[in-house]
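In what follows, a structure is listed as structure tokens, so that the remarks can point back to it.
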Protein chains: 2
Amino acid sequence: MDRMAALPGMSAKPVTIADRICETLREAIVEGALPSGAALRQDELAARFGFSRMPIRDALRQLETEGLVTIHPTKGAFVAPMDAAEIREIYAIREVLETEALRLSCPWLTGETLQEAARLLDRIDAEPNAARWGALNAAFHSLLYSQCGNRRLLHLIDAHHAAADRYVRALLSDPDYHGRSQSEHRAMLSACERGDADGAVTVLRAHLREGSQTLAAAVQGPIER
Amino acid sequence: MDRMAALPGMSAKPVTIADRICETLREAIVEGALPSGAALRQDELAARFGFSRMPIRDALRQLETEGLVTIHPTKGAFVAPMDAAEIREIYAIREVLETEALRLSCPWLTGETLQEAARLLDRIDAEPNAARWGALNAAFHSLLYSQCGNRRLLHLIDAHHAAADRYVRALLSDPDYHGRSQSEHRAMLSACERGDADGAVTVLRAHLREGSQTLAAAVQGPIER
DNA sequence: CATCCGACTCTCGTATACGAGTATACGGAA
DNA sequence: TTCCGTATACTCGTATACGAGAGTCGGATG
């Protein structure tokens, strides 16, 4: 998102109240403070944030497009449910989108970009905070896809990564997951460094499938939040 | 999205003013009545439709998520530009999404569904109206993907088909396109009837690539609307 | 005792109103 | 003549207000 912000001189976008509320709500949902299925009453949120319902409405609509809430006219907005089926759907989509992006991008990755990716992996290793971990994870993946030449595809991938991130947060408890994920990341990166696009895609595919299974299994029974 | 709508008895969703305005604006944009880059002033639209700005705002936000308009805070909404690059991006995404959906769905397609698909093709042949043609086209594709078991994927495909439809409308002039498209449709359907998923996917891939090239070539020079 | 009907409440959709930021046009100065 | 500053007009974001529809609880009736 916000690729324009990369261009240094321009943009200077005005940030609206709705944007800030949207960000706050997103973090609350992803982090689990707002549990699955919770009703998001416009009045209540307006009172809590100290603004009118209008910016709240805008924020909720934005979150709906991100798949974090569902809105039904006359019934209101609710935190989208988390279930194993949803995870499998999101990951199946991520698999086709991201493998394609990596395949396209791999031949155009420069040494500099790959070095930056390696640095990101190190930062991920050192990062204890879950929110930042998710962001760094997304940044690493995005970097490898960045040269795919399809902005719209990158945007789609970002959106689905964010949707999946909500589930990943629920996995903090599993210490193995982090380690396995990182070793797969490194395998993917080294394939890219060799210029082995097919190999990188294979690793990525396995990486996503394992993530899907791990998350689906974790959500299946224990966590009801 | 719209998981509830699948359950037959219920839904009966209340249709809001914003929904109707959204539909009207979408048709106007797709059809070309609102040219690329046109400013969509909120009060002007409010006056034209006879409602306040609030439903118009909601409709514009919805159209933004569909990629038909771009919104900049404090600057307003504009009809999204049409260009060849955008076409290639959309079609590249459609290719990975739709081939995956078809691959998953093909083994589960019943004779009844295939017959309905065949009937749709006949209706397409007989349909002169461009708007209906696009809808029937989408319906045919969706039907073949319907058994993929991934609602989210189907929704994504719908969205991108709608985004592409806007460009397809610009191709009314080319009488060949319709015929070629239909013969490819029939080849795809017959592969599905044989249970040849790989064959169907191959045809679909070629179908989409040809569509992409035809549209990109058409938009390249002549049409500036 | 069960069921059906009606009034009440709660929430959302929509309308109207106000303030702030930006673009534009006009006038003055270099 | 050209450039810049100021003032004006325009548009959007946000606040407040009102009406309608759905859900709910209680009472009355069969």
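All chains are named by letter (A, B, ...) in the order of the sequence lines, taking the proteins before the strands, and each is independently numbered beginning at 1. Computed from a prediction, not measured in an experiment: that's the story for all the values here.
In this structure the side chain of A/D158 never reaches within 4.5 angstrom of the side chain of A/Y145, judged on heavy atoms. A/I157 is not listed as a side-chain neighbour of A/R94, based on a closest heavy-atom distance of 4.5 Å or more.
A salt bridge is defined here as a Lys NZ or Arg NE, NH1 or NH2 lying under 4.0 Å from an Asp or Glu carboxylate O, and A/R88 with A/E95 fails to meet this definition. A salt bridge does not link A/E89 with B/R151: none of the charged nitrogens is closer than 4.0 Å to a carboxylate oxygen.
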request  = Begin from the C-alpha positions of B/L204 and B/H141 and carry the test side-chain contact (heavy atoms from CB on, under 4.5 Å) through to its verdict.
outcome  = CA-CA 10 Å; B/L204 173 58; B/H141 279 262; 4.0 Å; yes
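A close approach under 4.0 Å does occur between a side-chain nitrogen or oxygen of B/T16 and OP1 or OP2 of C/dT14.
No more than 12 heavy atoms of other residues, nucleotides or ligands shown are found within 6.0 angstrom of CD on B/E23.
Interface residues of residues 41-60 of chain A facing DNA chain C, ordered by number: A/R41, A/Q42, A/R53, A/M54, A/R57; criterion, heavy-atom separation under 4.0 Å.
Remark: C1' of C/dA23 and NE2 of B/H72 are 13 Å apart, rounded to the nearest angstrom. Nucleotide D/dT14 holds its C1' atom 12 Å from the CZ atom of A/R20, rounded to whole Å. Following rounding to the nearest Å, B/K75 (NZ) and C/dT22 (P) show an atom-to-atom distance of 10 Å.
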